[in-house]
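Structure record follows, encoded as structure tokens.
Computation of the quantities below employed the complete heavy-atom set of this structure, encompassing side-chain atoms and omitting hydrogens, waters and symmetry-equivalent molecules. Keep in mind that this is a model prediction, so the values were computed, not measured. Naming: A, B, ... by sequence-line order, numbering from 1 per chain.
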Amino acid sequence: MLHIKCPHCGMRSQNEFAYGGDASVKRPELNKEISDLEWDNFVYLRKSLRGKHLELWQHISGCRQWFKVQRDTATHEIFKTLKANEDI
Amino acid sequence: MSQNFRLKNIGLINRDKKISFKFNGKSYFGYEGDTIASALLANGVHLIGRSFKYHRPRGFFGSGVDEPYAIVQLYRNGESVANIKTTEQELFEGLEATSVNCWPNVNFDIGAINNFLKIFLPAGFYYKTFMWPKSFWHKVYEPFIRKAAGFGVASTKHDKERYEHKYEYCDLLVAGSGPSGLASTYAAAKNGARVILAEDKPRFGGTLLTSEVNIGNQTGKEWAESIIAELKEMPNVIIKNRSQVFGYYDHNMLVMSERISDHLPKTKKYSPKERLWYIRAKEVIISSGSIERPLIFGNNDTPGVILSSAAKEYLKVYGVLVGKKPLIFTNNDSGYETAVEFKKNGVDPVILDTRKNPKSEIINEAKNLDIDIKFSYVVVAAKGYKKVRSAEIAKISEDKKELSIIENINCDCICVSGFWTPTIHLASQSGNKTKFNKDIDAFVPGQSKQEETTVGSANGIFTLEETLKNSFDMGYELSKKITKNDNKISVPSVVEKKSTEHDKFWCVPLPKGKNYKRFLDFQNDVAVSDVEIALKEGYRSIEHVKRYTTLGMATDQGKTSNLNGLQLVSNIENKIVPEIGHTTFRPPYTPVTIGAIVGREVGKHSKPTRKSPIHKWHNESNAVFVDAGVWVRPRYYKQGNETLFEGSKREATNVRKNVGVCDVTTLGKIDIKGPDAAELLNRVYTNAWLKLPVGKARYGVMLREDGIVMDDGTTTRISENHYHMTTTTAQAANVLSHLEYYIQVVWPELNVNVVSTTEQWAGAAIAGPNSRKLLQKLFPNLDVSNEGLPFMGYTEGNLFGIFARIFRISFSGELAYEVNVGSDNGNFMWKKIIEIGKEFEIQPYGTEALSTLRIEMGHVAGSELDGRTIPYDNSLEGLVSKKKDFIGKRSLNRKAFTVEDRQKVVGVVPIDKKTSIPEGSHLVKDANAKLPNPKLGYISASCWSVEHDNPFSLAILRDGKNMIGQKLFALSPLKNKSIAVEIVSSHYVDPKGERVRS
């Protein structure tokens with residue numbers, strides 16, 4: 001079980017959190033003309049990286065904040081956690 | 001029965017307390033502190049079971065967790081437990097155990113015929129033998145293998161015992177309480193660290209209990225006892241015996257199983273049987289010790305062949321002789337310690353040492369005691385079937401290839417010592433890349449990956465002096481890092497006998513013309529010849545050899561067999577062991593009961609149960625409940641002998657005719673506040689929200705980004721910047737996370753916040769033509785006329801002194817209201833509604849009537865919004881704004897979503913107006929078409945329409961909009977039904993929606 005540092009609450013066990021996908025994906029702006037391909041990439045296409053990965057998690061049984069975790073997908077090493085509005 | 005093999009003046013058992021027990025129906029006795037193994041050995045019983053593949057007789061090989069074959073079925077307090085190691089299970093009064101893997105009994109076992117058929121059961125026999133004919137697999141091979149597999153029988157009864165889980169945090173976890181574990185625990189505890197010390201066995205101290213050493217001015221055992229006594233008094237130390245740390249997981253999370261009651265005849269009241277500890281440790285010290293390696297020779301699985309360290313433990317801890325004419329077969333000095341113990345207790349051993357001329361203190365001591373020692377000698381084969389009766393021994397040449405002077409020697413046990421294998425399982429599980437240490441011919445932990453440190457013999461250090469020094473240092477260093485204290489304990493002086501080098505020799509060659517089976521893996525019956533076959537057939541990777549031969553794959557995970565297997569492969573392949581590499585160690589280190597893993601999460605406790613504040617009333621009013629997600633909701637309120645069908649029909653009819661009340665507390669509720677609340681709703685829902693006035697509710701549909709409907713519900717504008725959103729019961733948590741995601745991550749510029757208020761409000765839906773009259777009586781001061789409180793209107797009222805929110809919304813299609821009050825007042829509200837509603841013929845209704853009402857109205861719900869449908873499919877396209885953007889809008893342009901014959905919700909009525917259509921039925925054109933019959937759609941929900949008094953269903957049907965009036969068939973292969981149906985509008989009742997607005 002991972003031990004994750006919520007940027008708001010501190011170190012907690014993984015069972016308090018929910019995984020939320022790739023944090024590097026940016027939702028296209030509203031009301032913007034966008035090609036089928038771009039939209040398809042946003043909705044469906046995700047990289048399955050081996051190694052350092054920036055991902056979203058939500059502290060679902062805690063402060064309920066979404067935040068970013070930089071984690072190695074192979075070793076589970078967590079390098080850094082950031083608030084949702086912070087950049088690495 | 002007499003205890004012929006029990007010594008009088010030695011051992012740690014409690015001789016004042018006799019314990020009687022049964023093995024295979026026969027009564028024996030032992031003493032408090034015995035294991036089944038030690039008590040049986042004291043009684044001279046060596047035959048304990050039959051082996052897995054060849055059903056060869058099996059005895060005792062080890063004295064603890066390393067035991068590969070002395071496994072029994074245990075009966076305790078009316079329960080039967082499989083796969084119990086006799087070397088671990090402590091005796092309790094009335095214990096009963098039986099042999100496994102034998103029929104009709106352990107002395108005469110029919111399966112032993114496999115032993116004579118073994119030529120047909122070579123390595124990989126599963127893969128070779130059961131391949132053809134294919135049809136045999138299901139009926140012949142599989143049942144046969146199933147019956148032959150495993151040790152013992154799993155109980156099929158419900159387990160009445162209680163198991164608990166515990167979460168614990170500590171600075172330092174120490175796994176193993178031998179000299180290294182005690183020293184590091186003591187040093188760290190004295191330096192202020194919070195330490196957990198775990199010991200697998202009932203007694204703390206490990207090898208200190210059996211070895212002849214002195215620490216300070218005490219014996220090893222006395223020193224261990226004094227340290228334990230001191231640790232027990234320290235508030236910063238938790239010490240646990242009978243507790244096995246079996247798994248090392250990510251981020252220094254370790255799991256330990258504590259056997260609290262397994263050594264007692266019955267679990268005490270208020271005490272669990274076993275407890276599983278999840279321990280998050282800042283640092284971990286692995287002091288798990290080492291396991292003696294077997295030596296391999298002919299018939300080395302015969303009962304009476306035993307590890308020399310086990311023989312010593314039986315003698316010194318239990319006062320039990322494993323034999324009275326012991327033969328000690330060793331390649332190192334450890335065997336001598338066992339021999340000396342035998343000699344001191346009046347038994348004359350013979351030592352066979354594979355080395356030519358070793359010299360050390362312990363060898364001198366053995367010589368001085370006049371023990372018969374034969375150097376450059378080996379055991380060629382054990383003789384005897386159910387028990388060792390003699391041994392064939394021989395002199396071995398210097399190159400260890402030639403045997404000479406083969407002779408027979410009488411003996412009743414053979415104690416083997418092939419040097420030591422460090423127990424590196426936990427270190428390996430943590431991700432440590434282990435390395436091969438040529439000095440000890442075994443793997444030891446290498447570079448740590450997590451915060452783990454291995455000390456003592458688990459790290460390949462076999463002298464007590466070095467072990468203690470190192471362990472005291474590590475305990476101090478690691479605790480200093482955490483506590484910043486600097487309280488260092490001085491290392492006590494040590495007196496121990498120095499030993500000399502071991503012989504790099506493990507496998508005795510076969511004499512000419514002999515074909516003895518030489519076993520590597522005692523539990524899975526893997527012999528040297530099996531590995532040879534695997535290599536001959538081209539298997540090279542050790543992982544493949546393992547799987548092909550099943551070497552090390554048994555429940556003992558190869559604790560005694562792995563290294564010998566590697567050594568053998570490396571010899572045949574002419575490689576060195578590290579090139580072969582070892583197979584992966586995975587948790588659990590030793591079998592853990594399913595009960596301990598599951599803990600309290602069984603039956604009703606497997607998930608949380610949520611009840612509405614009105615639950616008690618429902619229960620008292622004869623409600624039949626149904627699980628709706630984690631909620632428990634009334635399905636119908638049973639009157640007399642009513643069935644579900646009759647009861648729900650009565651309740652739904654009463655809603656259409658008079659008035660009904662339904663507990664809708666379970667609906668998800670989300671409070672939305674902030675100046676940008678309307679903007680958020682406008683982006684989340686498909687329809688327009690910017691112009692909703694205060695005091696009005698609106699129905700909305702929200703999509704996922706892929707265009708699929710996520711949820712629906714009404715949201716009400718309570719005040720300028722305050723909205724109250726409702727979600728379906730099932731999606732409440734997902735919708736909240738969804739909103740939080742967009743607010744926090746995607747559009748943080750929106751000034752709005754959301755919070756779940758599901759549990760803050762109790763809700764009652766009042767529906768039916770009489771509902772306005774009832775509402776007026778509940779709120780006499782309120783204008784609830786159609787003009788005062790129109791459809792989709794909202795107002796607030798005073799319900800006999802209690803604040804209430806009143807929404808004019810309808811799920812049933814009738815004139816209806818939803819009243820919400822604070823949860824604590826839910827019961828009060830409900831009772832008032834029932835009491836005052838009496839004059840309007842009110843009846844409570846459950847989820848079944850609720851469904852009936854919404855289905856015949858054509859109101860879509862969870863069974864249509866099933867994660868596969870878009871708004872059009874649900875006839876909700878009118879709610880999809882063309883002007884504004886919203887979540888998922890771009891996906892609605894997808895080709896598949898815009899095709900001409902896109903699926904759409906329709907109503908379905910059986911032509912005979914009698915036969916109910918099972919949910920999930922497929923709609924097809926021709927009931928008798930060749931399979932696969934092209935499927936046009938499926939039945940999503942079915943009910944008995946109370947308005948029309950015939951069955952009615954909703955379906956999602958291809959080209960639904962052009963199918964009204966068509967005749968199709970609903971097929972349910974599961975229920976073997978084929979029903980002729982007509983497609984009608986999904987709005988089967990009040991298609992214009994006049995009632996809700998009346």
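More than 12 non-hydrogen atoms from other residues, nucleotides or ligands lie less than 6.0 angstrom from CD of B/Glu749. Atom CD1 of B/Ile594 sits in a sparse spot, with 12 or fewer heavy atoms from other residues, nucleotides or ligands closer than 6.0 Å.
Residues A/Asp36 and B/Arg894 have side chains not in contact (no heavy-atom distance under 4.5 Å, counting atoms from C-beta outward). A 4.5 Å side-chain heavy-atom check between B/Tyr169 and A/Ser13 finds at least one atom pair inside the cut-off. Counting only heavy atoms from C-beta outward, the side chains of B/Tyr741 and A/Gln58 never approach each other to under 4.5 Å. Counting only heavy atoms from C-beta outward, the side chains of B/Leu736 and A/Arg64 approach each other to under 4.5 Å. Two residues are said to be in side-chain contact when any heavy atoms from C-beta on lie closer than 4.5 Å; A/Asn15 and B/Tyr167 meet this criterion. Using a 4.5 Å heavy-atom cutoff, the side chains of A/Tyr44 and B/Asp706 are in contact. A heavy-atom distance below 4.5 Å is not found between the side chains of A/His3 and B/Met253. Between A/Arg27 and B/Glu705 the shortest side-chain heavy-atom distance falls below 4.5 Å.
Contact tally against chain B (heavy-atom pairs below 4.5 Å) for A/Asn85, A/Thr75, A/Asp40, A/Ile4: the top residue is A/Thr75. With respect to chain B, the highest number of heavy-atom pairs below 4.5 Å among A/Gly20, A/Ser35, A/Pro28 belongs to A/Ser35. The choice from B/Lys449, B/Glu740, B/Lys884, B/Arg683 that makes the most heavy-atom pairs within less than 4.5 Å of chain A is B/Glu740.
Here the CD atom belonging to B/Gln744 is positioned 8.5 Å from the CH2 atom belonging to A/Trp66, to the nearest 0.5 angstrom. To the nearest 0.5 Å, atoms CD1 (B/Ile743) and CD (A/Gln65) are separated by 10.0 Å. With values rounded to the nearest 0.5 angstrom, B/Arg890 atom CZ is found 8.0 Å from A/Glu33 atom CD.
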- Task: Please test B/Trp747 against A/Leu30 for side-chain contact (heavy atoms from CB on, under 4.5 Å), starting from the C-alpha separation and ending with a verdict.
- Result: CA-CA 10 Å; B/Trp747 302 310; A/Leu30 289 166; 3.9 Å; yes
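In this structure, chain B has a heavy atom under 4.5 Å from the side chain of A/Ile60, while its backbone stays farther away. Both the backbone and the side chain of A/Ile78 come within less than 4.5 Å of a heavy atom of chain B. Contact annotation for A/Phe42: only side-chain heavy atoms (C-beta onward) come within less than 4.5 Å of a heavy atom of chain B. With a threshold of 4.5 angstrom between heavy atoms, A/Asn31 approaches chain B through its backbone and through its side chain. Heavy atoms of B/Arg280 lying under 4.5 Å from chain A belong exclusively to its side chain.
Between the side chain of B/His251 and the main chain of A/His76, a donor-acceptor pair closer than 3.5 Å is present.
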